[in-house]
Amino acid sequence: LSRRPRVVIYLHVTRMPPRAHAPPLSVAFASLAALCALCRFGVAVPLPDGSLMGGGSQVNGKVPELPWAAGGGNASCGECIEVVDAIHTCCSNGTSGAATIAKLGAECHTLFPTSPSKVAVCERIANSSVEMIEFIEKEATSLGWESSSLCAAVGECEVTCCTSSLPEQVHISLSDHPEVMTVMWTTLDDTPGVVEWGPSATDLGSRSAATQDTYTQFGWRGYLHTAAMSNLSAGATYFYRVGDGVNMWSQVFSFSTLPLGVGTSERPLRVASIADMGTGPESDDTVRQVIQLAEGGQIDLVIHNGDISYADGNMAVWDGFFRKIEPYASRIPLLTTPGNHEFWFNFTAYRKRFAMPSRSATDSMYYRVDVGGAIRLFGMNTESVLDVAAMAPAQVDFLKAELAAEGPVWKIAYGHRPFYCSNTGGNDIPAGNAVLRKRAEDVLDSGGVSIVLSGHVHDYERTLPTKNGVPTQTDYVNVTAPVYIVNGAAGNREGNDHAPGGAPWSPAAPSSRSHAVSFGLITIEGRALHYEQRYSANGSVFDNFTVTV
């Protein structure tokens, strides 16, 4: 978007009431940081009067000066943090955003009587905010930012990716070819990337060079490496390490390729299903359960369909998330789709950090991948730059073409926002549900999709087989329409909610909906798909059902 003139992009909003564990920064100043960050990177932001700020646009006939972005202040990272902390202490005592800005403008000299550079920074914040504060004030209620985050957003502080010079954040994913496994990792230094692999930890005889990428949004510094491990045999275990090819190596990891014919009664396919999982302690139990399943050889894939880490633009959170999931993501292929919390900087972090099938064509935003001979998975993008549900015509055409292909017994689609849910308290719900149903429900139904996984709403809920809002049957035997499963319950800082049920398509069983932190486990064997929803706290099953085709 930044390459196109005067493109409007809205700040991400999670329209939920403030919670007791809200971040320490006031809403007004977290919002201000977000606005400054967007403007700094050349994106136009709408003001209350309909005009644009940033992206080279003008306000009242001139290009407004933004804090730090326009120069003139030589604040260091430490000074910036000190300024923000002082502003928070001075001005975040419950007053409105406009009043806060007015107070700030008057208090800059009082706050920093001996530091002209800090006064200059403080005044630029105040002077550049008056015309837009009403808009800003509405645009953030749950950002996981602190003072240093705000300063990184406006380019004054650097966010380094890594805890050392060694490779980290290792994760693997399926590719367009069953004999190829993709691996990604992160380094602090601009070094070559190499992956070595082989049949044992002491026999890593194959080697492949990586491509390298980076980005600078939110002050991030690091390098992303992507490599392919090729010519792999089906149903085999491989060991690998990543590094610079000389002396900076990761530990040795391992993974197993899927056997031929996976998804049969002889060898079922087992998939962990999670969405809306953050980096904080709320997800500890879910991550622990998935690690245990991975280490026990009890899952083959992990699907994480959106709201991945809850970074909201804070790149340090992304880094922490990948370190947290590395024990399973380095061993089990990870399949992802973007969510609304990946919205920041036009999904830059998501597009750069994940290598899904068809990455070169779709930037990992949507894709299809075949598993065995009878299962086809469809990753869908339900997001837009306006933070509302959308599905572009190109993606709809892609789905139509790929669903028309004969052969797969199972067609399973997953994306972030739900087509159906009874909990209507979330962002763009229920309006977004209707948008997605209008765009793609008939495509999925006529294309033979049996299961649609979603998240976004922080609960677990399943439907009966449903078409155009009406259940087509009261059981799951030889289904004639998709079953829609909301599974946004894996744990994040915003907490979970309870789905009330009561819709025409709602099953009678109380276990079919829950607000507990939990995750799904899908097992496909032949023409039967078994679904379990498990408590993350102890791994016990509280809901299960079987779909047949």
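Below, all heavy atoms of this structure are taken into account, side chains as well, without hydrogens, waters or symmetry copies.
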For side-chain contact (heavy atoms from CB on, under 4.5 Å), just list the numbers for W249 and V194, CA-CA rounded to whole Å, side-chain angles, deciding distance to a tenth of an Å, and then say yes or no. CA-CA 9 Å; W249 293 102; V194 172; 4.2 Å; yes

Would L188 and T163 count as a side-chain contact (heavy atoms from CB on, under 4.5 Å) here? Give the steps. CA-CA 8 Å; L188 178 62; T163 57; over 6 Å; no

side-chain contact (heavy atoms from CB on, under 4.5 Å), that's the test. Do I524 and I412 meet it? Break it down for me. CA-CA 11 Å; I524 299 175; I412 300 172; 3.6 Å; yes

Please report the C-alpha distance between I522 and L529 in whole Å, then the side-chain angles of each, then the deciding distance to 0.1 Å, and finally whether the side-chain contact (heavy atoms from CB on, under 4.5 Å) criterion is met. CA-CA 7 Å; I522 299 169; L529 181 151; 3.8 Å; yes

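The closest side-chain heavy-atom distance from M391 to M380 is below 4.5 Å. Residues L521 and I299 have side chains in contact (heavy-atom distance under 4.5 Å, counting atoms from C-beta outward). Between D543 and S514 the shortest side-chain heavy-atom distance does not fall below 4.5 Å. Contact check for Y328 versus V287: side-chain heavy atoms found under the 4.5 Å cut-off. A 4.5 Å side-chain heavy-atom check between W344 and N314 finds every atom pair outside the cut-off. Between N544 and Y531 the shortest side-chain heavy-atom distance does not fall below 4.5 Å. Side-chain contact between T186 and H225: absent, with no pair of heavy atoms (C-beta onward) separated by less than 4.5 Å. In this structure, V262 and V371 have side chains that are in contact, with non-hydrogen atoms separated by less than 4.5 Å.
With hydrogens and angles ignored, the 3.5 Å screen pairs a side-chain donor or acceptor of S364 with a backbone N or O of M356. A donor-acceptor contact shorter than 3.5 Å is absent between the side chain of S540 and the backbone of N538. Checked by atom type and distance alone, the side chain of H458 pairs as donor or acceptor with a backbone atom of G495 at under 3.5 Å. No side-chain donor-acceptor contact under 3.5 Å links T424 to the backbone of I429. Counting only distance, with no hydrogens or angles, the side chain of T286 and the backbone of S536 share no donor-acceptor pair below 3.5 Å. In this structure, D363 contributes its side chain and M365 its backbone to no donor-acceptor pair below 3.5 Å. Side-chain atoms of E342 come within 3.5 Å of backbone N or O of I308 as a donor-acceptor pair. Judged purely by atom type and a 3.5 angstrom limit, Q289 has no side-chain atom pairing as donor or acceptor with the backbone of D284. Side-chain N or O atoms of N496 include one that pairs as donor or acceptor with a backbone N or O of H515 at under 3.5 Å. Of the possible donor and acceptor atoms, one in the side chain of T382 sits under 3.5 Å from a partner among the backbone N and O of R417.
For S422, the side-chain contact (heavy atoms from CB on, under 4.5 Å) partners at least two apart in sequence or on another chain are E461, A499, P500, W505. A search for side-chain contact (heavy atoms from CB on, under 4.5 Å) contacts involving E158 returns T160, R221, not counting sequence neighbours. Remark: H416 engages H456 in a ring-ring contact (aromatic ring centres under 6.0 Å, His included) (not counting sequence neighbours). By the salt bridge (charged side-chain N to carboxylate O under 4.0 Å, His left out) test, R368 pairs with E402, sequence neighbours left out. With sequence neighbours left out, the disulfide bond (SG atoms under 2.5 Å apart) criterion links C157 to C77. Residues passing the side-chain contact (heavy atoms from CB on, under 4.5 Å) test with Q251 are F253, sequence neighbours excluded. Listed by chain and residue number, Y238, Y240 satisfy the ring-ring contact (aromatic ring centres under 6.0 Å, His included) test with F255 (two or more places apart in sequence, or in another chain). Listed by chain and residue number, R323 satisfy the salt bridge (charged side-chain N to carboxylate O under 4.0 Å, His left out) test with E168 (two or more places apart in sequence, or in another chain). Every residue was checked against the salt bridge (charged side-chain N to carboxylate O under 4.0 Å, His left out) condition with R359, not counting sequence neighbours, and none meets it. By the side-chain contact (heavy atoms from CB on, under 4.5 Å) test, S384 pairs with L386, V388, A390, sequence neighbours left out.
Pairing each heavy atom of V435 with each of A389, the nearest pair is CG1-O, 3.5 Å. The two residues C421 and N433 have their closest heavy-atom pair at SG-ND2, 3.2 Å. The two residues R331 and A294 make their nearest non-hydrogen contact at CD-O, 3.4 Å. In terms of heavy-atom proximity, Y476 sits nearest to P507 at OH-CG, 3.6 Å. The minimum heavy-atom distance between W185 and G193, with the atom names listed, is CZ2-CA, 3.7 Å. Between F542 and S518, the closest heavy-atom pair is CE2-CB, 3.8 Å.
A donor-acceptor contact under 3.5 angstrom links the side chains of Q212 and D190, judged on distance only. A side-chain donor-acceptor contact under 3.5 Å links D319 and W220. Using modelled atom types, one finds a donor on one side chain and an acceptor on the other under 3.5 Å when comparing Y215 with R353. Side-chain contact, T348 with N346: no donor N or O sits under 3.5 Å from an acceptor N or O. Defined by atom type and a distance below 3.5 Å, a donor-acceptor pair is missing between the side-chain atoms of T191 and D244. Judged by distance alone, the side chains of T336 and H304 never bring a donor and an acceptor atom under 3.5 Å apart. At a cut-off of 3.5 Å, with distance as the only test, no side-chain donor of Y223 or D213 sits close to an acceptor on the other residue. Between the side chains of T182 and S175, no donor-acceptor pair of N or O atoms lies under 3.5 Å. No hydrogens or angles considered: nothing links the side chains of K352 and T214 as a donor-acceptor pair under 3.5 Å. A donor-acceptor contact closer than 3.5 angstrom links the side chains of D276 and Y310.
Salt bridge R513/D459: absent, no basic N to carboxylate O contact under 4.0 Å. A salt bridge does not link E282 to R493: none of the charged nitrogens lies less than 4.0 Å from a carboxylate oxygen.
Here CD1 of I451 is found 6.0 Å from CH2 of W410. Values are rounded to the nearest 0.5 Å. Expressed to the nearest 0.5 Å, how far CD1 of I274 lies from CG of N305 amounts to 8.5 Å. Between the CD1 atom in I332 and the OG atom in S173 there is a gap of 13.0 Å [rounded to 0.5 Å].
The salt bridge (charged side-chain N to carboxylate O under 4.0 Å, His left out) contacts involving residues 300-309 comprise R267-D300, R270-D300, where partners must be two or more places apart or lie in separate chains.
Under the 30°/60° scheme for interplanar angles, the aromatic rings of W318 and F322 are found to lie parallel.
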Please set out all donor-acceptor pairs under 3.5 angstrom arising from side-chain atoms of residues 482-490, sequence neighbours excluded.
from : atom 1 : to   : atom 2 : distance (Å)
N487 : OD1    : Q533 : NE2    : 2.7
N487 : ND2    : S273 : O      : 2.8
N487 : ND2    : S273 : OG     : 3.3

